[in-house]
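Written below as structure tokens is the structure these notes are about.
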Amino acid sequence: MTTARHILHKMKVKAGFSSAPPDTGKGKGKVSKHITHGFNLVKGKTSHPMEDFLVSNFKQIGDHELGLFAIFDGHMGHAVATYLQSHLFDNIMKEPDFWTEPESAIRRAYETTDAEILEKALVLGRGGSTAVTAILVDGKTLFVANLGDSRAVISENGEAKQLSVDHDPGTEKGQIESRGGFVSIIPGDVPRVDGQLAVARAFGDKSLKLHLSSEPHVEMVKINETVEFIILASDGLWKVMSNQEAVDAIKNIKDAQTAAKHLTEAAVTRKSKDDVSCIVVRFQ
């Protein structure tokens, strides 16, 4: 299972038994065999340990096959991102009306998970994490949710369409100020909540939570024959590549894992200094 493999690798790295090379993997659905997925992570040039984590797998629940895909980009430590990796999808599946009102259930699960993280702040620390999640139901319906600037992009007939919303402090300045916070806009820097955080919405960040939203943007998309693939990636990719550039870069790469590796390597070539994580889900 890709999540277990990834967690084991991170534990080895933390314990000093392994270096941290790019982590990569792939898989496909057991029922939806025409749907394949691949992922790749590359450590950035920053001094802190890797703070990107992901989920990329299929799971059978009753008569339904769910594709569960997520990018978690931690900040001020990786504890919150690892917590999300282990708990967020479980919390979504626990919502009793997920099968009847999935969008509402996803929103509630995001709120529940954020409350858990804040309650565990003494253990998890003062950091936080952005998130973009995608749940593919029976290969037919896709639910995307996000907080922050990790992004989901779909290729439809070769055209890039962004399914998530970048939660930028400059764009949400009014909401932040209405909660008693402020947005710093310093020449040469990006807008920041209370002069600190460069996203307006995130999990965790207890010291900023009064001014920081944890309400996700949620989008539903029907998968039909016009959809070729989906890209989920952290901002380490999107800082140096537009949505359409990313789609064009992998449109002729049929193997999902190879496509994900190509995008992360392209980000490094374009001088991205941040951690870069990428998932590609391809419909054959």
Side-chain angles (χ1 to χ4, degrees), residues 2-3 6 22-27 36-46 50-57 67-75 78 81 84-85 88 129-136 142-156 159-168 190 198-199 201-203 216-217 219 221 227-251 253 255-283:
T2 51
T3 48
H6 188 61
D23 203 352
T24 189
K26 64 180 178 180
T36 59
H37 61 97
F39 65 88
N40 198 67
L41 300 94
V42 176
K43 172 72 176 67
K45 294 184 178 180
T46 53
M50 180 67 157
E51 293 182 333
D52 279 11
F53 294 82
L54 59 76
V55 174
S56 185
N57 60 39
L68 303 177
F69 309 101
I71 300 286
F72 304 118
D73 183 358
H75 46 263
H78 53 72
L84 290 167
Q85 185 187 47
L88 182 55
S129 179
T130 69
V132 60
T133 61
I135 302 176
L136 182 64
L142 181 72
F143 296 95
V144 171
N146 84 289
L147 293 174
D149 54 7
S150 292
R151 190 180 297 175
V153 172
I154 196 167
S155 175
E156 189 171 359
E159 180 182 352
K161 295 184 178 180
Q162 186 170 325
L163 302 181
S164 55
V165 170
D166 293 346
H167 293 129
D168 178 78
V190 296
V199 290
R201 304 189 190 192
F203 285 104
H217 172 82
E219 191 91 14
V221 176
V227 177
E228 294 113 353
F229 55 85
I230 308 158
I231 303 169
L232 275 68
S234 60
D235 67 327
L237 176 69
W238 306 116
K239 285 176 180 176
V240 296
M241 188 175 291
S242 71
N243 297 343
Q244 192 62 52
E245 285 175 329
V247 164
D248 291 344
I250 64 169
K251 63 183 179 182
I253 301 176
D255 181 74
Q257 181 185 18
T258 302
K261 290 180 70 175
H262 182 76
L263 287 174
T264 56
E265 290 167 359
V268 173
T269 299
R270 294 184 180 212
K271 309 299 183 186
S272 179
K273 294 181 174 59
D274 202 354
D275 299 335
V276 184
S277 53
C278 179
I279 300 169
V280 174
V281 183
R282 180 170 276 282
F283 301 88

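Every heavy atom of this structure was used, including side-chain atoms; hydrogens, water molecules and symmetry mates were not. Residue numbers count from 1 along this sequence.
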Closest contact, heavy atoms only, [X] versus [Y]:
X      : Y      : result
Glu51  : His75  : OE1-CA, 3.8 Å
Ala267 : Leu237 : CB-CD1, 3.9 Å
Pro216 : Ala145 : CB-CB, 4.4 Å
Gly148 : Thr130 : CA-CG2, 3.9 Å
Gly236 : Ser272 : O-OG, 2.6 Å
Asn146 : Val165 : ND2-O, 2.7 Å

Value rounded to 0.5 Å, distance of [atom1] in [X] from [atom2] in [Y]:
X      : Y      : atom1 : atom2 : answer
Arg201 : His167 : CZ    : NE2   : 4.0 Å
Ser277 : Leu54  : OG    : CG    : 6.0 Å
Leu142 : Leu136 : CG    : CG    : 6.0 Å
Ser234 : Asp52  : OG    : CG    : 4.0 Å
Phe39  : Asp23  : CZ    : CG    : 5.5 Å
Thr133 : Leu232 : OG1   : CG    : 8.0 Å

Is Lys239 close to Lys273 at the side-chain level, that is, under 4.5 Å between some pair of heavy atoms? no
Heavy-atom check, side chain of Trp238 versus side chain of Ile231, under 4.5 Å: yes
Short side-chain to backbone donor-acceptor contact, Asp275 and Gly44, under 3.5 Å: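 Flag set: sc Asp275 to bb Gly44 pair under 3.5 Å.
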Indicate yes or no for a side-chain donor-acceptor contact from Arg282 to the backbone of Ile253 under 3.5 Å, with no hydrogens or angles considered. yes
Under 3.5 Å, sequence neighbours excluded: what are the donor-acceptor pairs made by side chains of residues 240-250?
from	atom 1	to	atom 2	distance (Å)
Ser242	OG	Glu245	N	3.1
Ser242	OG	Glu245	OE1	3.3
Asn243	OD1	Arg151	NH1	2.8
Asn243	ND2	Gln162	OE1	2.9
Gln244	OE1	Ala160	N	2.9
Gln244	NE2	Gly158	O	3.0
Gln244	NE2	Asp248	OD1	3.0
Glu245	OE1	Ser242	N	2.9
Glu245	OE1	Arg270	NH1	3.2

Assess whether side chain to side chain donor-acceptor pair (under 3.5 Å) is satisfied between Asp73 and Ser150, documenting all intermediate values. CA-CA 7 Å; Asp73 183 358; Ser150 292; 4.5 Å; no
Phe53 and Leu84: CA distance, side-chain angles, deciding distance, side chain to side chain contact (heavy atoms under 4.5 Å, CB included) verdict: CA-CA 9 Å; Phe53 294 82; Leu84 290 167; over 6 Å; no
Given side chain to side chain contact (heavy atoms under 4.5 Å, CB included), test Val144 with Val221 step by step and report yes or no. CA-CA 8 Å; Val144 171; Val221 176; over 6 Å; no
Out of the candidates Thr269, Asn40, Thr24, only one should pair with Thr264 under the side chain to side chain contact (heavy atoms under 4.5 Å, CB included) rule; please name it. Asn40
Passing candidate, side chain to side chain contact (heavy atoms under 4.5 Å, CB included) with Ser56, options Leu68, Ile71, Ile279: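 Testing each of Leu68, Ile71, Ile279 against Ser56, the sole residue satisfying side chain to side chain contact (heavy atoms under 4.5 Å, CB included) is Ile279.
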With sequence neighbours excluded, tell me which residues meet ring pair (Phe, Tyr, Trp, His ring centres under 6.0 Å) with Phe69.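 Residues passing ring pair (Phe, Tyr, Trp, His ring centres under 6.0 Å) with Phe69: His37, Phe58.
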Checking Thr36 now: which residues fulfil side chain to side chain donor-acceptor pair (under 3.5 Å) with it, not counting sequence neighbours?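 Gln284.
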